[in-house]
Amino acid sequence: MDKTNYKPATLVVHQGTDRDPFTGAATVPIYQASTYHHPDGQPGEFDYARSGNPSRQQVEDAVALLEGGTHGFAYASGMAAIGSALALLKSGDHLIVPEDLYGGSYRYLTRLIPDLGIDVTFTDFGDLNKISAAINDRTRGIFIETPSNPQFQVTDIRGIVAIARENDILTFLDNTFMTPLLQRPLELGVDVSIHSATKFLGGHSDILAGVNVTKDPVLAKKMRRFQNGFGAVLSPFDCFLLSRGLKTLKVRLEAAQQSADELADRLADHPAISRIIYPGRDDFPQKKLHFSQASGPGAVLSFELKDKDKVNSLLETIKLPIIAPSLGGVESILTHCWSMSHAAMPAEVKNRLGIGEGLLRLSVGIEDVDDLWEDLDAALP
Ligand SMILES: Cc1ncc(COP(=O)(O)O)c(C=O)c1O
């Protein structure tokens, strides 16, 4: 059977390669070697680990298959994946990006990429007309993050792809929050799907990793060249951990999503909370759009305390979640967006976007939901 026909539950377990071709071992070993013998002076399939190695190949194929792509590229972090995807642009090009996005991407797009000679326009991705209006004759890329972070602004992927194709512009989508199990950007016409695999794909808060996937052979060739030339590759050990994490992605994500759904409802009824943002709730304004392009709400939600001065006591009291700027682990992770994930964003931008000091993001883990609620309820003012 062609592996592309397998259902997700089978694909995450068996992946592209599910056993060592040489020994039959149940996992592909960690090929901890920097270089590979050249028999008779000629390179074999692998010659030097930066260019490629069996551990990386295994996990790149696995994520590519899951995303419905043909080529995957694994990097040392999600930011390395974003930077490597955007390296498809060159000096003199123009890129359009959303205002509401992950703080590290904001830092890269405001402080680093302009120095490479690429102009960046931030605009409101809730309005396709604003995106069209931002296009100029140098526009070569549109970068999407949907749902955005931490406000869960949903972008119309099909709408943007249509605009981009009309204007010969590449589309990039950060799919970290949804994973290929809930949202399939390449099938919606996006050129490059990007992941911080540090999050749900790895799933255990024990690696930093990034993966890009495309099904365009021309883009794949360019990304391969950049990956080898720039060298921000994922190590063999981390490739192994990522492949192992992927095997439980479906069960982890489904369990966490179910608990997130339940916690969102309980939080919404809590008197200390002024706002809850979760795509699964009926009061989520863009629910219809989200579910027209994704099959689930995900396992991350945001909530805002009525009294922002109570954030510190909540963070001091709560026991179960790790308090940290991350998400997607088996353990719940609570983030104070203002001071952690979005620390790189100036206060005035955060305030304009509604990322207030009382806003918290909860990445729900796979603990028992009643324990999570008891803990939250006790810590809330
Ligand atoms: C949506 C999103 N994209 C990209 C990144 C960057 O990933 P990494 O920390 O693996 O470099 C993050 C990290 O939090 C993220 O949340």
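First listed ligand is number 1; within each ligand, the first listed atom is number 1. What's counted below: heavy atoms across the whole structure, side chains too, no hydrogens, waters or symmetry copies. These numbers were taken from a predicted model, which means no experiment stands behind them.
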Lys287 side-chain N/O to Gly280 backbone N/O, donor-acceptor pair under 3.5 Å: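 Side chain of Lys287 to backbone of Gly280: a pair is present.
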Summary of ring pair (Phe, Tyr, Trp, His ring centres under 6.0 Å) pairs that have at least one residue in residues 276-305, sequence neighbours excluded: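 Found none.
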Carboxylate-amine/guanidinium proximity below 4.0 Å for Arg266 and Glu262: yes
Phe73 and Val211, any side-chain heavy atoms less than 4.5 Å apart: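 No, their side chains stay 4.5 Å or more apart.
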Residue pairs passing the side-chain hydrogen bond (donor to acceptor under 3.5 Å, both in side chains) test where at least one lies in residues 322-332, sequence neighbours excluded: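 Checked against side-chain hydrogen bond (donor to acceptor under 3.5 Å, both in side chains) - neighbours excluded - the pairs reaching residues 322-332 are Ser205-Glu331, Ser332-Glu367.
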Sequence neighbours excluded, every pair satisfying side-chain hydrogen bond (donor to acceptor under 3.5 Å, both in side chains) that has a member inside residues 155-172: Thr171-Asp191
Pairs under 3.5 Å, nitrogen or oxygen of ligand 1 with protein nitrogen or oxygen:
{"from": "ligand 1", "atom 1": "3 (N)", "to": "Asp174", "atom 2": "OD2", "distance (Å)": "2.6"}
{"from": "ligand 1", "atom 1": "7 (O)", "to": "Ser196", "atom 2": "OG", "distance (Å)": "3.0"}
{"from": "ligand 1", "atom 1": "10 (O)", "to": "Gly78", "atom 2": "N", "distance (Å)": "2.8"}
{"from": "ligand 1", "atom 1": "10 (O)", "to": "Ser196", "atom 2": "OG", "distance (Å)": "2.8"}
{"from": "ligand 1", "atom 1": "10 (O)", "to": "Thr198", "atom 2": "OG1", "distance (Å)": "2.6"}
{"from": "ligand 1", "atom 1": "11 (O)", "to": "Gly78", "atom 2": "N", "distance (Å)": "3.0"}
{"from": "ligand 1", "atom 1": "11 (O)", "to": "Met79", "atom 2": "N", "distance (Å)": "2.8"}
{"from": "ligand 1", "atom 1": "14 (O)", "to": "Lys199", "atom 2": "NZ", "distance (Å)": "2.8"}

